[in-house]
Amino acid sequence: MRDLNPQPYISFLFCEGEDIEACWYDHNDDHDSDGLDLSQEELEEIRRLHASDTSIDKEKDSIELSLAKLCLERNIPYLGICRGSQVLNVACGGTLYQDIGKELSKKCDQSQRVMHINYDDYDGHRHAVKLVKNTPLCHWFQGEEEEKEEGEEMEILVNSYHHQGVKKLAERFIPMAFASDGLIEGFYDPECYNPQDGKFIMGLQFHPERMRKPDSDEFDYPGCPFAYKEFVKAVIAYQKKLNSLTSVPKPLKLNKEMESKRKIIVRSFSLAKNLYTMGRGNCSSKDSELEIGAEFLESNTALSVQQENRLKQMGATVRNGGSYVERLKLNEVREKMAKNVMGKMSVEQLSDLLSFYRTMDQICSQVLERKLHDVVNDFTS
């Protein structure tokens with residue numbers, strides 16, 4: 001039957017967008033040899049070259065960084081693509097190159113330099129990345145190329161639309177792919193990666209979903225959809241775990257026989273309470289119900305051992321309630337008689353009685369002290 005009120009799946013898929021305002025991460029940057037500080041002239045040139053990317057949206061930055069941190073705190077599945085990977089890195093204390101061309105490529109040899117964005121061939125442009133072994137990304141694309149020699153890294157061509165990227169990777173992450181200029185093109189948290197268990201925290205600089213052959217829906221590599229397949233698998237598993245924690249068990253429905261027995265038990269408890277508060281004489285006509293309730297409690301085997309023991313104790317209490325009330329009444333009679341006797345005693349007699357009890361208290365204390373002393377000596381010897 002179709003669920004008319006399906007529960008929404010909780011996850012975050014962050015994709016491309018504008019640059020992240022540098023104020024969110026420049027305080028984490030140590031300004032060492034990993035990058036070059038940009039002059040005002042260089043920043044102006046970057047804004048002219050990448051006008052659509054440099055139109056900063058501070059409110060969007062704030063919202064997405066807050067959501068990313070929430071995912072990390074609660075282990076909510078998170079897949080960051082392009083800007084989404086940069087948001088993830090910054091949320092964890094990492095930093096970004098404000099412009100890869102000016103901060104990274106300038107340091108590289110000509111043979112290592114990479115064109116990370118080509119406006120003349122926006123969707124068709126590709127550049128090579130090497131995949132790190134024993135990472136999810138490498139497993140997804142395994143077998144895409146001819147068998148490599150021992151120790152040789154696997155390489156694929158990925159699309160490229162970015163002028164910014166990861167500079168300092170947050171400590172919790174492990175790289176999965178590098179461009180020839182050293183730029184990290186993919187990373188993940190190994191402690192939060194187990195799709196079958198609802199764990200998935202990953203960032204990819206490129207867009208696998210857009211890596212398709214010209215004029216075709218066919219992917220460049222069969223491994224391209226795997227990031228999304230594994231992400232969806234993690235989302236479903238996470239939701240199942242969440243539902244198991246928040247679901248309210250349905251009440252147990254009893255058949256007529258069990259419902260009748262339940263009413264007898266409830267009545268038995270009520271009568272047992274009356275035995276303690278009103279005395280057995282007021283409930284003598286209900287002994288049969290007490291006995292039936294007690295017997296049912298003791299014979300019920302559909303409960304756990306702990307529940308069964310507790311209910312047996314209740315059953316015994318119900319049956320012994322009468323004798324308990326009788327003892328209470330006897331104590332009340334004795335107390336009343338003692339009060340009557342003491343009420344007729346003189347002040348001197350009451351004073352002697354008080355002295356007697358004080359003397360007995362001292363004697364008992366001395367005896368108890370000697371006993372404890374002997375026990376301690378025996379234990380230490």
Shared hydrophobic cluster, Leu49 / Ile20 (ILVMFWY, side-chain heavy atoms < 4.5 Å): no

Connected-component partners of Tyr119 among ILVMFWY, side-chain separation under 4.5 Å: Ile117, Tyr122, Tyr161

Any side-chain heavy-atom pair of Phe231 and Pro77 under 4.5 Å: yes

His207/Val158 under side chain to side chain contact (heavy atoms under 4.5 Å, CB included): CA gap, chis, key distance, verdict: CA-CA 8 Å; His207 289 256; Val158 300; over 6 Å; no

Co-membership, hydrophobic cluster, residues Val166 and Val114, 4.5 Å side-chain: no

Results of side chain to side chain donor-acceptor pair (under 3.5 Å) for His127 - residues two or more places apart only: Ser160, Glu185

Co-members of the apolar cluster containing Ile56 [side chain, <4.5 Å]: none

Heavy-atom side-chain proximity of Lys102 to Glu45 below 4.5 angstrom: yes

Nearest atoms (heavy-atom pairs only) where Pro225 meets Phe219: CG-CE1, 3.5 Å

Results of salt bridge (charged side-chain N to carboxylate O under 4.0 Å, His left out) for Glu16 - residues two or more places apart only: Arg210

Value rounded to 0.5 Å, distance of CG in Asn159 from CG in Asp121: 11.0 Å

Flag side-chain contact, heavy atom, 4.5 Å: Gln164 against Asp99: no

For Lys130, all residues meeting salt bridge (charged side-chain N to carboxylate O under 4.0 Å, His left out), sequence neighbours excluded: none

Side-chain heavy-atom pair Ile201, Tyr188 within 4.5 angstrom cut-off: no

Any residue meeting salt bridge (charged side-chain N to carboxylate O under 4.0 Å, His left out) with Glu209, in chain and number order, not counting sequence neighbours: none

pair Ile81-Tyr228: side-chain heavy atoms closer than 4.5 Å: yes

Close side-chain approach of Pro208 and Tyr221, heavy atoms under 4.5 Å: no

By side-chain contact (heavy atoms from CB on, under 4.5 Å) - contacts of Asp217 (at least two apart): Arg212

Under-4.0 Å salt bridge between Lys233 and Glu230: yes

Side chain to side chain, Leu96 and Gln86, heavy atoms closer than 4.5 Å: yes

Side chain to side chain donor-acceptor pair (under 3.5 Å) partners of Glu18, counting only residues at least two apart: Lys60

Results of side chain to side chain donor-acceptor pair (under 3.5 Å) for His125 - residues two or more places apart only: none

Under 3.5 Å donor-acceptor, Thr95 side chain and Lys168 backbone: yes

Residue pairs passing the side-chain hydrogen bond (donor to acceptor under 3.5 Å, both in side chains) test where at least one lies in residues 63-80, sequence neighbours excluded: Glu64-Arg83

Pair listing, side-chain hydrogen bond (donor to acceptor under 3.5 Å, both in side chains) test, anchored in residues 189-202, at least two apart: Arg172-Asp189

For the student: nearest non-hydrogen atoms of Leu65 and Ala91, plus distance: CD2-N, 3.8 Å

Asn89 and Phe187, any side-chain heavy atoms less than 4.5 Å apart: yes

Met176 with Phe226, same ILVMFWY side-chain cluster at under 4.5 Å: yes

With Glu218 via side chain to side chain donor-acceptor pair (under 3.5 Å) - residues at least two apart: Lys213

